[in-house]
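Worksheet: the structure to be examined is printed underneath.
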Amino acid sequence: MEPLTRQLVSERVELAAEGLHSGPVDLVEVVAAEPPALVLLDMLGLQDVDVPALKAWSRESLELFWGWPDEDRQLELAHSAAEFYGWLRKRVAAARKLPGDDLFGVLVELGLSDEEVCAVAYFLLIAGQETTTQLISTAFHRSIGRAVDEPAAVVEQVLRKSSSVPTWRRVTAAPVSVGEVELPAGEPVLLGLTGHGGPADLAFGLGIHRCLGAGLARLEARVALECAAPLLSAVRVVEEPPMIDLLSFRAPARVLVEAVDSGLEPS
């Protein structure tokens, strides 16, 4: 998937560089937002997908399940989740009438129920791209004004210190001691996956909970930094970025930058 990733990101980096001649540019919206979704949809054989709608459904589902919305906001987010689920049901129904080789067709052919197909697709279509957008956004923010000589090393540093998925919820399978705390079986726990000096691999989980997209996420973030490196070294942040700050997801919601040198040219 690297050639497609490089093409998609390069096109958007050029748009960002051009936009800087007119004023500040949001690197999240212009560069980081859509390439991971487009790569995932290509991998899964999915066509005719409204990518901006998918991005909105993804962000709002994360806020619904891992945020602290008040009652009015919960209702808004629930309507968004229902709209997403309705779209998934339509894709499943279409696949049952005319099975294809895309995600829905394959899952239908495997004998999954409508509810099972929707469950797989719901979270795969979110986890397979939104967290990568957040990883790229964080990597961009940390790299602004710097020379990005080793993009892969920057990605590993971000994963180790400020991953877009810093925590995850689990339930103890048996009694266990954590430090001086004794936990019984069935106790809910919140695991810190990043920011504690541990290995970057914890950001993607371990064992049967290992993230299926770990390799792809690393590749996409590395390529994004490679393509954006000249741009990142020639801009400065306009503001302290507002954050996506949920229980298990954290990243800049916006990275607004301006050119340091007005002579910045598109790459």
Side-chain angles (χ1 to χ4, degrees), residues 1-20 24-40 42-43 51 55 127-166 193-195 199-204 211 213-244 249-261 264-267:
M1 303 311 296
E2 183 166 348
L4 176 59
T5 302
R6 193 172 298 278
Q7 174 192 337
L8 292 170
V9 175
S10 295
E11 292 170 352
R12 285 157 178 78
V13 167
E14 186 169 351
L15 287 174
E18 292 172 351
L20 285 167
V25 169
D26 178 8
L27 296 182
V28 175
E29 178 183 5
V30 178
V31 183
E34 292 195 351
L38 293 168
V39 169
L40 180 70
D42 184 82
M43 288 185 66
V51 174
K55 298 297 293 186
Q129 50 85 24
E130 184 58 31
T131 52
T132 306
T133 286
Q134 294 177 13
L135 171 61
I136 293 170
S137 301
T138 301
F140 279 179
H141 183 240
R142 292 174 65 93
S143 302
I144 288 171
R146 304 177 183 179
V148 185
D149 298 323
E150 298 183 29
V154 173
V155 173
E156 294 307 304
Q157 184 182 50
V158 171
L159 288 170
R160 187 166 54 251
K161 294 185 176 181
S162 52
S163 165
S164 55
V165 188
L193 302 178
T194 183
D201 275 350
L202 285 179
F204 292 111
C211 173
L216 180 63
R218 279 189 163 102
L219 181 150
E220 290 181 289
R222 172 181 59 80
V223 170
L225 283 172
E226 289 173 355
C227 294
L231 179 67
L232 294 171
S233 66
V235 298
R236 61 189 168 211
V237 293
V238 173
E239 61 178 4
E240 185 65 24
M243 299 295 292
I244 298 169
F249 300 92
R250 181 173 174 81
R254 180 174 65 235
V255 178
L256 201 62
V257 299
E258 63 184 4
V260 174
D261 179 1
L264 179 68
E265 296 294 333
S267 59

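- Pairing each heavy atom of Gly19 with each of Val25, the nearest pair is C-CG2, 3.6 Å.
- Rounding to the nearest 0.5 angstrom, the gap separating the OG atom in Ser163 from the CG atom in Leu135 is 6.5 Å.
- Residues meeting the side-chain contact (heavy atoms from CB on, under 4.5 Å) test with Val51, sequence neighbours left out: Glu34, Ala37, Leu38, Leu41, Lys55.
- Side-chain contact check for Val31 versus Val255: every heavy-atom pair is 4.5 Å or farther apart.
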Please tabulate, one pair per line, all N/O donor-acceptor pairs under 3.5 Å involving side-chain atoms of residues 223-231, not counting sequence neighbours.
| residue | atom | partner | partner atom | Å |
| --- | --- | --- | --- | --- |
| Glu226 | OE1 | Arg6 | NH1 | 3.2 |
| Glu226 | OE1 | Arg6 | NH2 | 2.7 |
| Glu226 | OE1 | Arg222 | NH1 | 3.4 |
| Glu226 | OE2 | Arg222 | NH1 | 3.0 |

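- Between Val154 and Ser143 the shortest side-chain heavy-atom distance falls below 4.5 Å.
- In this structure a side-chain-to-backbone donor-acceptor pair under 3.5 Å is missing from Thr194 to Pro166.
- Taking every heavy atom of both residues into account, Gln134 and Ile244 meet most closely at NE2-CD1, 3.9 Å.
- The backbone N or O of Phe249 sits nowhere less than 3.5 Å from a side-chain atom of Ser164 that would complete a donor-acceptor pair.
- For the residue pair Ser137 and Ala32, the shortest heavy atom distance occurs at OG-CB, 3.7 Å.
- For the atom pair Asp26 CG and Phe140 CZ, the distance stands at 11.0 Å (nearest 0.5 Å).
- Nearest heavy-atom pair, Leu216 versus Val39, reported as atom, atom and distance to 0.1 Å: CD1-CG1, 4.2 Å.
- Among pairs with a residue in residues 133-159, those fulfilling salt bridge (charged side-chain N to carboxylate O under 4.0 Å, His left out) read Glu156-Arg218, at least two apart in sequence or across chains.
- The two residues Pro24 and Val238 have their closest heavy-atom pair at CB-CG2, 4.1 Å.
- Side-chain contact between Phe204 and Leu159 is present, with heavy atoms from C-beta onward closer than 4.5 Å.
- For Glu239, the salt bridge (Lys or Arg N to Asp or Glu O under 4.0 Å) criterion is met by Arg254, not counting sequence neighbours.
- Here Pro35 pairs with Leu8, Val9, Arg12 under the side-chain contact (heavy atoms from CB on, under 4.5 Å) rule; sequence neighbours left out.
- Contact of the Pro241 side chain with the Leu256 side chain is not registered, since no non-hydrogen atoms from C-beta on lie closer than 4.5 Å.
- For the side-chain contact (heavy atoms from CB on, under 4.5 Å) test, residues two or more places apart in sequence or in another chain that qualify with Thr132 are Pro36, Ile136, Ala217, Glu220.
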